[in-house]
There are 2 protein chains.
Amino acid sequence: MTESDTIAPAKTRLLDAALKVIRTKGYVATTLDDLCTEAGVTKGSFFHHFKSKEELALAAVEHWNTLTGGLFAQAPYTQIVDPRERVLAYIDFRSAILQGELPDFTCLLGTMVQETFETHPRIRDACEHGITLHARVVAADIAAAKAQYAPDAPWQPEDVALYTQAAIQGAFILAKARGSAEIAANCVAHLRRYVASLLGIVQDAEPGLPTNPIARGATGKTTKKR
Amino acid sequence: MTESDTIAPAKTRLLDAALKVIRTKGYVATTLDDLCTEAGVTKGSFFHHFKSKEELALAAVEHWNTLTGGLFAQAPYTQIVDPRERVLAYIDFRSAILQGELPDFTCLLGTMVQETFETHPRIRDACEHGITLHARVVAADIAAAKAQYAPDAPWQPEDVALYTQAAIQGAFILAKARGSAEIAANCVAHLRRYVASLLGIVQDAEPGLPTNPIARGATGKTTKKR
DNA sequence: GACGCCATACCGACTGGTTGGTATGGTTGC
DNA sequence: GCAACCATACCAACCAGTCGGTATGGCGTC
């Protein structure tokens, strides 16, 4: 903040390195030397900023929440007025960001919690908090859409929001197993179809693959705020 | 097979230990000492049966495929004649086995592939193979149901089968984050609803929670084979 | 504005314990 | 006697974490 922005400070570089390396190798396999090399700092610098590897992990989750929170808050789909369209555009957005290498778009929290849920309760809690946080944001839009288009439906917006997160996390696992993002896009397309049906959209029975959210264009077709 | 069944041989005990410990702590965090202690054998015995930790992991995946393959092959839902009912009963079965502690019902393959997809290509391939294997079994039932109830629908049985696996894997991640199986059951209930709708079942708009597959009873209501 | 003072940031060699893996020798069944 | 099976002792590499130290810059004092 107060510093000049010529080059990011060591702490930020370490946090960015953590996101990258942990998403690639997992938390346990990531060594402090890995992180220091990636960040271009030394061990001394690491322990100046973080008390332990676990403390870094907790800080990395915070960092992740900040970055992804900003990404979704500033995404174009948030400008869509109609809540049902907004929810579907959110899912389209999740599909659209499946770009680059696997560690570039998979989720830090889902990756870490698998390794740590029994052994590192603080990390597990942090991951749970991050996932729940995002699910709440999604749930708000779903609730608005439900109120307008399916007020009497028997499902809860929070449950559906959590289900969207589960489907996306599972899509990441399949993508990692296959070494390709393609299957993840397929899963998100099915998720979209389901959420659309929950919100009262009857699927047109056109022949072909499931609706491809990228191809149909996530934005530009509906009214925007302001 | 050829041995007497007084006590399981060391190799089997090691494989069973691997399933348990790896599902609890993850692959990387699992040490050979952990496995040997859990199995009640020594390091010498371990390296007599397995060339390395990675070889054990590959054998553990094989072991997993055998066990789970048998579990699903012998499950009561396979006796249901109507393919659509059979598919839904499969999903109900997936919900019904969400019992006990988290490491008891979560998936070895999904857990391992998250840690190893970039660092241990052989393990990743083994996990991919196991998941695809099971998905193919599910896809066969889905294809039969589609042929009968939704022959002109635009989706592919294989894609839907993979989606079911993604949703279930994601449900495990949420369950681990929350430390409870409850959320996983919620996710599987949503998955059931989606697959039912794909197969032409219009959801009754009864008020209340999403359809609970356990409560409605997975078996005993429909015609059985033989 | 020179000086002493101290906090923050960063460095890198070192350590004690752990890990995957090896070497070797003993025991059992055929 | 010999091959499969298992145990003990051991090793080199690696790991998280420690520690003594340097560089820098802000701040008060005279």
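The structure displayed is predicted, hence computed values, not measured ones. No hydrogens, no waters, no symmetry mates; every other heavy atom, side chains included, goes into these values. Note on naming: letters A, B, ... go to the chains in the order of the sequence lines (proteins, then strands), and numbering restarts at 1 for each one.
Nucleotide dG17(D) holds its P atom 12 Å from the NZ atom of Lys51(A), rounded to whole Å. Rounded to an integer number of Å, the gap from Phe47(B) CZ to dA9(D) P is 18 Å. Across the protein-nucleic acid pair, Glu55(B) atom CD and dG20(C) atom C1' stand 14 Å apart, rounded to whole Å. In this structure, CZ of Phe46(A) is placed 15 Å from P of dA9(C), rounded to the nearest angstrom. Protein atom NE2 of His49(B) is 17 Å distant from nucleotide atom P of dG21(C), rounded to whole Å.
Ring geometry, Tyr77(B) versus Phe93(B): the interplanar angle falls from 30° to 60°, so the pair is classed tilted. Between Tyr194(A) and Tyr163(A), the ring planes lie perpendicular to each other; the angle is over 60°, past the 30° to 60° tilted range. Note on ring orientation: taking the six-membered ring where Trp is involved, the planes of Phe72(A) and Tyr90(A) are tilted (angle from 30° to 60°).
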>> Run the side-chain contact (heavy atoms from CB on, under 4.5 Å) test on Val137(B) and Asp141(B) for me, step by step, so that the C-alpha distance in whole Å, both residues' side-chain angles and the decisive distance to 0.1 Å come before the verdict.
In response: CA-CA 7 Å; Val137(B) 175; Asp141(B) 281 346; 5.6 Å; no
>> What verdict does the side-chain contact (heavy atoms from CB on, under 4.5 Å) test give for Ile97(A) and Arg94(A), after you've listed the backbone C-alpha separation in whole Å, the side-chain angles of each residue and the deciding distance to 0.1 Å?
In response: CA-CA 6 Å; Ile97(A) 57 180; Arg94(A) 294 305 304 250; 4.1 Å; yes
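Within 6.0 Å of atom CD in Glu182(A), 12 or fewer heavy atoms from other residues, nucleotides or ligands are found, so the atom counts as exposed in its surroundings.
Within the 4.5 Å cutoff, side-chain heavy atoms of Leu109(B) are placed close to those of Trp64(B).
Listed by residue number, there are no residues of residues 15-35 of chain B with a heavy-atom contact under 4.0 Å to DNA chain D.
The side chain of His48(B) has dC6(D) as its nearest neighbour among dG17(D), dC10(C), dC6(D). Taking the side chain of Ser52(B) as heavy atoms from C-beta on, and the options dG21(C), dC5(D), dC11(C), the nearest nucleotide is dG21(C).
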Using atom names, set out every protein N or O paired with an N or O of nucleotides 12-16 of chain C below 3.5 Å, distance rounded to 0.1 Å.
| from | atom 1 | to | atom 2 | distance (Å) |
| --- | --- | --- | --- | --- |
| dG12(C) | N7 | Gly44(A) | N | 3.3 |
| dG12(C) | O6 | Gly44(A) | N | 3.0 |

Give every donor-acceptor pair under 3.5 Å between a side-chain atom in residues 19-27 of chain A and any protein atom, sequence neighbours left out.
| from | atom 1 | to | atom 2 | distance (Å) |
| --- | --- | --- | --- | --- |
| Lys20(A) | NZ | Glu38(A) | OE2 | 3.2 |
| Arg23(A) | NE | Leu19(A) | O | 3.4 |
| Arg23(A) | NE | Pro103(A) | O | 3.2 |
| Arg23(A) | NH1 | Pro103(A) | O | 3.3 |
| Arg23(A) | NH1 | Asp104(A) | O | 3.3 |
| Arg23(A) | NH1 | Thr106(A) | O | 2.7 |
| Thr24(A) | OG1 | Lys20(A) | O | 2.8 |
| Lys25(A) | NZ | Asp34(A) | OD2 | 2.8 |

